[in-house]
Enquirer: 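Just dropping this structure here.
Keep in mind that what you see is a predicted model, and the values were worked out from it rather than measured. To find a chain, count down the sequence lines: A is the first, B the second, and so on, and within it residues start at 1.
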Amino acid sequence: MLQQTQVATVVPYFERFLAAFPTLQALAAADEQDVLRLWEGLGYYRRARDLHRAARQLVLEHNGDLPDDPDVWRGLSGVGRYMVGAILSQAFDRRLPIVEANSLRVLCRFFGQTGDPRRGPGQRWLWETAEDILPRTRVGEFNQAVMELGALVCTPAKPRCGKCPLASMCVARKQGLQETIPVPPTKPKVIEVREVAVVIRHGERVLLVQRPGTGRWARMWEFPHGALRAKEAPDDAALRLARELTSLGVEVTDEMETVRHGVTHHRITMICLGARKRNGAFRSGFYVDSRWLTPAELGPYPISAPQRLLARRLVEGSVQRNLF
DNA sequence: AATCCGGGGAG
DNA sequence: CTCCCAGGATT
């Protein structure tokens with residue numbers, strides 16, 4: 001949960017999650033949809049699937065134990081070098097380093113590393129340095145101390161050098177570079193992509209959404225709960241689609257709103273078609289009752305006749321051709 | 001090596 | 001708005 005997510009944000013999710021799945025066995029026995037539901041709002045939903053799969057793997061292949069073995073952990077999907085170090089240094093006092101956003105900042109500043117530590121030689125330097133400075137015992141505590149220093153004192157902006165126990169030995173501070181180290185990561189360039197989605201909601205109302213560009217749409221494919229936002233007005237392609245939907249006997253509105261599925265409140269009877277051109281490939285599917293279904297899976301699923309007709313039209317591509 | 005994933009917090 | 005967050009998989 002803590003990957004790329006601030007601690008304060010995670011806490012309530014963590015507590016809910018452990019209340020629902022108090023043990024490794026409970027998590028392993030859970031349905032994936034239930035795991036995802038508790039993750040809803042946190043983002044990076046692959047983490048939830050990986051965690052769930054890892055729990056099952058540990059129960060099946062390791063008797064439900066947490067092995068004192070880096071190779072076993074590294075073999076789990078979703079577990080990288082950071083997590084191996086974090087888990088084993090804290091659970092078994094293994095002398096393994098961790099590098100994340102906080103320790104990265106602390107190390108780069110302390111040793112005056114002016115290169116980009118996120119790649120190339122800087123990456124190697126970072127992990128080697130993190131390992132070099134490890135104590136022989138209480139490794140987990142040390143790792144956490146470095147992170148805590150980065151989170152509370154050696155902050156990204158306006159570091160509190162006056163409060164830092166390492167200030168007298170800090171190279172960046174000595175050179176007045178504490179604000180410019182580490183160098184910011186290079187910004188990714190934005191690629192224009194046309195994307196269209198249709199959501200049919202309970203009560204025969206249709207929400208029409210078209211979002212050009214931003215790329216923020218991808219989350220719909222990963223896990224749609226509460227993820228779809230629409231602020232732009234529909235364009236010509238979207239309006240053509242609206243006319244086609246109308247011809248199918250469905251009420252259409254161009255009302256733009258934020259879709260909050262609110263799975264806990266009311267049962268959702270809707271279909272969502274997402275269409276996306278990505279790397280030349282075309283993917284589509286349906287979102288029904290909080291589940292993501294492929295066209296094949298939609299077949300036996302109980303939906304209304306108008307919805308099924310619309311779904312078939314969409315799959316057959318008469319709508320898709322109007323969009324791209 | 002570059003890209004993608006998903007929100008929210010803070011300035 | 002921008003930058004950042006107890007990273008990791010994929011291409």
Enquirer: So, OP1 or OP2 of dG7(B): does either fall under 4.0 Å of a side-chain N or O from Tyr13(A)?
Expert: no
Enquirer: For Val79(A), report the nucleic acid contact type (base, sugar-phosphate, nothing); a contact means any heavy atom under 4.0 Å.
Expert: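 Result for Val79(A) = sugar-phosphate.
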Enquirer: Have a look at Ser103(A) and say if it touches a base, only the backbone sugar-phosphate, or nothing, with a 4.0 Å heavy-atom cut-off.
Expert: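 The answer is nothing, as Ser103(A) stays clear of every strand by at least 4.0 Å.
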Enquirer: Please determine whether any donor N or O and acceptor N or O are separated by less than 3.5 Å between the side chain of Thr5(A) and the base of dG6(B).
Expert: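 Under the 3.5 Å cut-off, the side chain and the base do form a donor-acceptor pair.
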Enquirer: Within the structure, does a side-chain N or O atom of Arg81(A) lie under 4.0 Å from either OP1 or OP2 of dG7(C)?
Expert: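 Answer no for this pair, as no side-chain N or O of Arg81(A) is under 4.0 Å from OP1 or OP2.
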Enquirer: May I ask you to verify if any side-chain N or O of Gln3(A) is less than 4.0 angstrom from the OP1 or OP2 atom of dA6(C)?
Expert: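 Looking at the OP1 and OP2 atoms of dA6(C), neither is under 4.0 Å from any side-chain N or O of Gln3(A).
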Enquirer: Side chains of Gln6(A) and Thr9(A): is there a donor and an acceptor less than 3.5 Å apart?
Expert: no
Enquirer: Over all heavy atoms of both residues, which pair between Gly115(A) and Val183(A) is shortest? Give the atoms and the distance, please.
Expert: O-CG2, 4.0 Å
Enquirer: If you check the Ser77(A) side chain, which of dA6(C), dA1(B), dA9(C) turns out closest?
Expert: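 Selected nucleotide: dA9(C).
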Enquirer: dA2(B), OP1 or OP2 - any side-chain N/O from Arg118(A) closer than 4.0 Å?
Expert: no
Enquirer: Hey, which sits more toward the 5' end of DNA chain B by its nearest nucleotide, Gly43(A) or Pro121(A)?
Expert: Pro121(A)
Enquirer: Any heavy-atom pair between the side chains of Trp127(A) and Pro117(A) that's under 4.5 Å?
Expert: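 Answer no - side chains too far apart.
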